[in-house]
Amino acid sequence: KITMKKLIIAASTLTIMSFSVNKLYNRHLGEAVTNIQDMKEWMMQDIESGKIDPELGENYIEWLEVTEDHLIELAEENRL
């Protein structure tokens, strides 16, 4: 027989687990956005130093910006 106390404990446990998973998920998304921002900066440095063709580098930066925007949207959608 399930008591009200057991139901409350189960619901509380699920809520805490959900919060923990969401917090970890958002932390990983934040780290991914930081990595992409670093990559954009490195690409700009490579363009300026002549290590990569400017047109190709700009193309890479555009795709990194699109990916960054998608990750930011995903993080905003999953905030508690």
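- Put simply, Ile72 and Leu74 are part of the same group of oily side chains (I, L, V, M, F, W, Y) that touch within less than 4.5 Å, one to the next.
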Only pairs under 3.5 Å count here: list side-chain donor-acceptor contacts from residues 36-47, not counting sequence neighbours, and write none if there are none.
residue	atom	partner	partner atom	Å
Gln37	NE2	Glu68	OE2	2.8
Lys40	NZ	Glu68	OE1	2.7

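- Atoms CD and CG, from Glu76 and Leu29 in turn, are 11.0 Å apart once rounded to the nearest 0.5 Å.
- Atoms CG and OG1, from Asn35 and Thr67 in turn, are 12.5 Å apart once rounded to the nearest 0.5 Å.
- Evaluation of the side chain to side chain contact (heavy atoms under 4.5 Å, CB included) rule for Asp53 yields Glu55, Leu56 as partners, not counting sequence neighbours.
- In this view, Glu58 satisfies the salt bridge (charged side-chain N to carboxylate O under 4.0 Å, His left out) rule with no residue, not counting sequence neighbours.
- Every residue two or more places apart in sequence or in another chain that forms a side chain to side chain contact (heavy atoms under 4.5 Å, CB included) with Glu31 is listed here: Arg27, His28.
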